[in-house]
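All values derive from a computational prediction rather than experimental measurement. Positions are given from 1, in the same order as the sequence printed here.
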Amino acid sequence: EEAMGANAFLGGRITFGPDSRITFNDPNQTGYRAADEGTQFISNGNNVDVSSANSTLYDISNGAWLYTQSPGNVTLSGENSRGIVLSGEGTQVSSTDNYVASGKGASVMNASNRAGGVISSGITLSGENTTAAIASGDETEIYAASTISGNGANATAFDVSGGARLFNQYQGVVDLSGSNSTGARVHDGGNFINRGSMHIASGIGIDVSSGYGQYVPVDSALRVDNGIAAMRVGSSAWMKIYGDGQGYSVMQANGSADGLLLDVGAEGFEADNITIGAYGSGSAINNRAETPNINLDNVRLEVANGNGIRSATSFNSAGSVQINVSGSGTGYRFENANGSTTSNDLVIGPDYSIVVTGTGNGVIANTRGNVISQGLIDIQAANGGSAIVTQTASQVINQGTISSQSRVAPLIDLRGGQTVFINEGTINAPFPDQVVVAGGATDDVIALLDGAVVGDVNTGNGRDELIVTGGTLKG
């Protein structure tokens with residue numbers, strides 16, 4: 001225990017030939033240790049299995065350098081074993097062997113305290129709770145330029161924190177097929193820059209598990225087929241995305257996964273110039289935390305059969321968001337996460353647009369509060385749903401523009417409730433016999449105060465009141 005195979009320091013140099021071997025017999029052993037500026041290890045394809053628990057193949061520190069001239073094959077079969085540990089300013093690992101992390105909790109590269117490393121050869125994460133690269137501490141950097149794959153349960157490709165930066169380069173491919181996998185855990189001041197592609201079969205793509213986490217996609221791809229979310233913000237965490245423009249980088253969730261999940265206790269989320277897609281039954285943004293601290297600038301949300309936004313709390317209405325609904329989903333579903341009715345007001349800002357090209361609805365508001373729409377809601381299909389649906393809201397106020405090509409659903413569906421509808425904007429249907437406002441069987445109040453309405457106003461049964469004080473009505 002605590003034994004070491006070779007130690008170089010104070011500018012020493014050791015070159016390992018392809019036939020060099022080291023055997024691990026006891027826990028907490030170190031294969032090779034290099035320390036101090038000018039000290040070098042050069043590897044030439046030697047093969048080794050780090051088979052004992054808590055043992056390390058390479059420990060590089062204080063300005064030393066590790067260079068793999070010809071990659072060998074390294075197995076990390078010991079529990080919590082580590083391939084490369086590097087720390088200290090000036091410490092460099094410029095290339096790596098091929099690694100298989102099969103031991104529970106094994107990790108390939110661990111960098112800290114201003115060290116820098118490059119992952120140049122493939123990594124397979126076949127063990128439970130294994131990790132390819134961990135970067136921590138201010139100015140620490142890891143560049144991944146290879147394929148990281150594997151079917152290990154709870155595997156994580158990247159973990160970055162404490163002011164460190166981790167780059168998945170354009171050559172970088174992450175493809176994890178094990179259950180509950182994570183592409184990148186970005187937490188407590190970590191910064192993850194993705195220039196490559198990441199595919200998670202089941203789990204989370206980017207997980208900001210605690211503190212502040214920053215994600216910078218650059219002409220990249222992030223896809224989660226099922227599980228939790230393409231991106232998740234955990235309790236007491238805040239996520240910031242610096243986007244590269246709508247349509248350049250793809251953040252995609254399929255199956256039941258959400259595009260972005262703000263989990264219970266999350267502090268907030270801000271993003272600009274990105275596209276988030278939920279192409280299964282999940283939501284593009286699911287605000288399970290019910291935080292109002294969500295700021296979106298030039299963000300496009302794409303949804304098929306789930307929701308563009310699911311929240312029971314309004315957030316920054318000064319943002320600019322385009323929500324596209326291509327299937328049977330809903331642009332904005334305003335209700336509690338368990339489907340129950342909220343009492344909060346919903347305010348959809350003037351730079352929000354909801355475009356429904358499928359059979360879905362624009363807004364479903366399960367609230368006893370007010371619903372205020374200041375932006376655009378456009379139902380484009382003849383078999384599309386309604387722009388706004390509510391049975392519970394106290395008032396629905398349109399201050400923006402609502403239009404519909406639907407021949408099967410009213411633009412504003414208030415049936416089943418007793419809601420006051422107030423129009424101060426523009427409501428447009430191309431067919432004069434189209435129902436613009438469908439009231440319920442109770443006492444409805446419909447007030448046309450300003451703007452223009454084209455279509456029929458159907459108040460339904462009950463003792464209804466239609467108030468016209470301004471604007472135009474053509475129907």
Side-chain angles (χ1 to χ4, degrees), residues 5 14-22 24 30-32 34 40-51 55-60 64-78 81-87 91-103 105-111 115-127 130-135 140-152 155-160 165-178 181 183-184 192-200 220:
I14 299 178
T15 299
F16 307 106
D19 296 324
S20 65
R21 295 288 183 270
I22 188 167
F24 291 82
T30 300
Y32 308 104
Q40 298 179 13
F41 277 164
I42 299 176
S43 174
N44 286 279
N46 49 318
N47 302 324
V48 64
D49 181 7
V50 184
S51 57
S55 292
T56 301
L57 180 58
Y58 294 108
D59 185 348
I60 315 296
W65 178 53
L66 169 64
Y67 174 63
T68 301
Q69 191 163 268
S70 176
N73 298 302
V74 177
T75 300
L76 304 175
S77 63
S81 57
R82 298 180 295 182
I84 306 167
V85 175
L86 60 155
S87 63
T91 302
Q92 290 290 327
V93 173
S94 55
S95 53
T96 55
D97 294 305
N98 297 297
Y99 278 85
V100 175
S102 58
S107 56
V108 174
M109 180 178 285
N110 296 257
V118 175
I119 298 173
S120 60
S121 299
I123 294 175
T124 300
L125 302 176
S126 59
T130 51
T131 305
I134 301 170
T140 301
E141 291 185 344
I142 290 179
Y143 294 82
S146 67
T147 297
I148 299 171
S149 60
N151 59 3
T156 300
F158 307 123
D159 187 304
V160 57
R165 291 181 293 271
L166 203 157
F167 298 79
N168 187 38
Q169 296 291 74
Y170 69 91
Q171 309 99 322
V173 176
V174 174
D175 189 4
L176 300 182
S177 58
S181 298
F192 177 56
I193 300 93
N194 183 22
R195 296 176 174 136
S197 68
M198 302 178 69
H199 168 232
I200 308 299
S220 61

Can you name the residues that form a side-chain hydrogen bond (donor to acceptor under 3.5 Å, both in side chains) with Thr15, not counting sequence neighbours? none
Working to the nearest 0.5 angstrom, can you tell me the gap between Ser197 OG and Asn168 CG? 7.0 Å
Is it true that a side-chain atom of Thr124 and a backbone atom of Ser149 form a donor plus acceptor pair closer than 3.5 Å? no
Contacts of Tyr170 meeting ring-ring contact (aromatic ring centres under 6.0 Å, His included) (sequence neighbours excluded), chain-then-number -> none
Within the structure provided, determine whether Ser126 and Ser102 are in side-chain contact (heavy-atom separation under 4.5 Å). yes
Could you list the donor-acceptor pairs under 3.5 angstrom formed between side-chain atoms of residues 66-76 and any protein atom two or more places apart in sequence or on another chain?
| from | atom 1 | to | atom 2 | distance (Å) |
| --- | --- | --- | --- | --- |
| Thr68 | OG1 | Ser95 | O | 3.2 |
| Gln69 | NE2 | Asn44 | OD1 | 2.8 |

Going by the rule side-chain hydrogen bond (donor to acceptor under 3.5 Å, both in side chains), which residues pair with Thr56 if we only count those two or more places apart in sequence or in a different chain? Arg82
Nearest 0.5 Å please: distance from the OG atom of Ser181 over to the NE2 atom of His199. 10.0 Å
The criterion is side chain to side chain contact (heavy atoms under 4.5 Å, CB included); which residues satisfy it with Ala184, sequence neighbours excluded? Phe158, Val186, Phe192, Met198, Ile206
Sequence neighbours left out, what passes side chain to side chain contact (heavy atoms under 4.5 Å, CB included) with Ala135? Give chain and number order. Thr140, Ile142, Val160, Ala164, Leu166
Value for OG1 (Thr130) from CD1 (Ile123), rounded to nearest 0.5 Å, stands at 10.0 Å
Between Asn98 and Gly122 (side chain of the first, backbone of the second, donor and acceptor by atom type, cut-off under 3.5 Å), is there such a pair? yes
Minimum heavy-atom separation for Ala157 to Ile148, with atom names? CB-CG2, 4.3 Å
Note, Val48 side chain near Phe24 side chain (heavy atom, < 4.5 Å): yes
Rounded at 0.5 Å granularity, tell me how far CG in Leu57 sits from CD1 in Ile22. 7.0 Å
Nearest heavy atoms of Met109 and Gly117, plus distance in Å: SD-CA, 4.0 Å
Applying side-chain hydrogen bond (donor to acceptor under 3.5 Å, both in side chains), name anything that partners Thr131, two or more places apart in sequence or on another chain. none
Contact check, side chains of Ser43 and Tyr58, non-hydrogen atoms, under 4.5 Å: yes
By side-chain hydrogen bond (donor to acceptor under 3.5 Å, both in side chains), Ser77 pairs with (sequence neighbours left out) Asp49
Salt bridge (charged side-chain N to carboxylate O under 4.0 Å, His left out) against Arg165, all qualifying residues, sequence neighbours excluded: Glu139, Glu141
Between Ser107 and Asn110, do the side chains contain an N or O donor and an N or O acceptor separated by less than 3.5 Å? yes
Using 0.5 Å steps for rounding, measure from the OG atom of Ser121 to the CG atom of Asp97. 7.0 Å
Got a sec, which residues hit ring-ring contact (aromatic ring centres under 6.0 Å, His included) with Phe16, two or more places apart in sequence or on another chain? Tyr32, Phe41
Does a side-chain heavy-atom distance below 4.5 Å link Leu125 with Leu176? yes
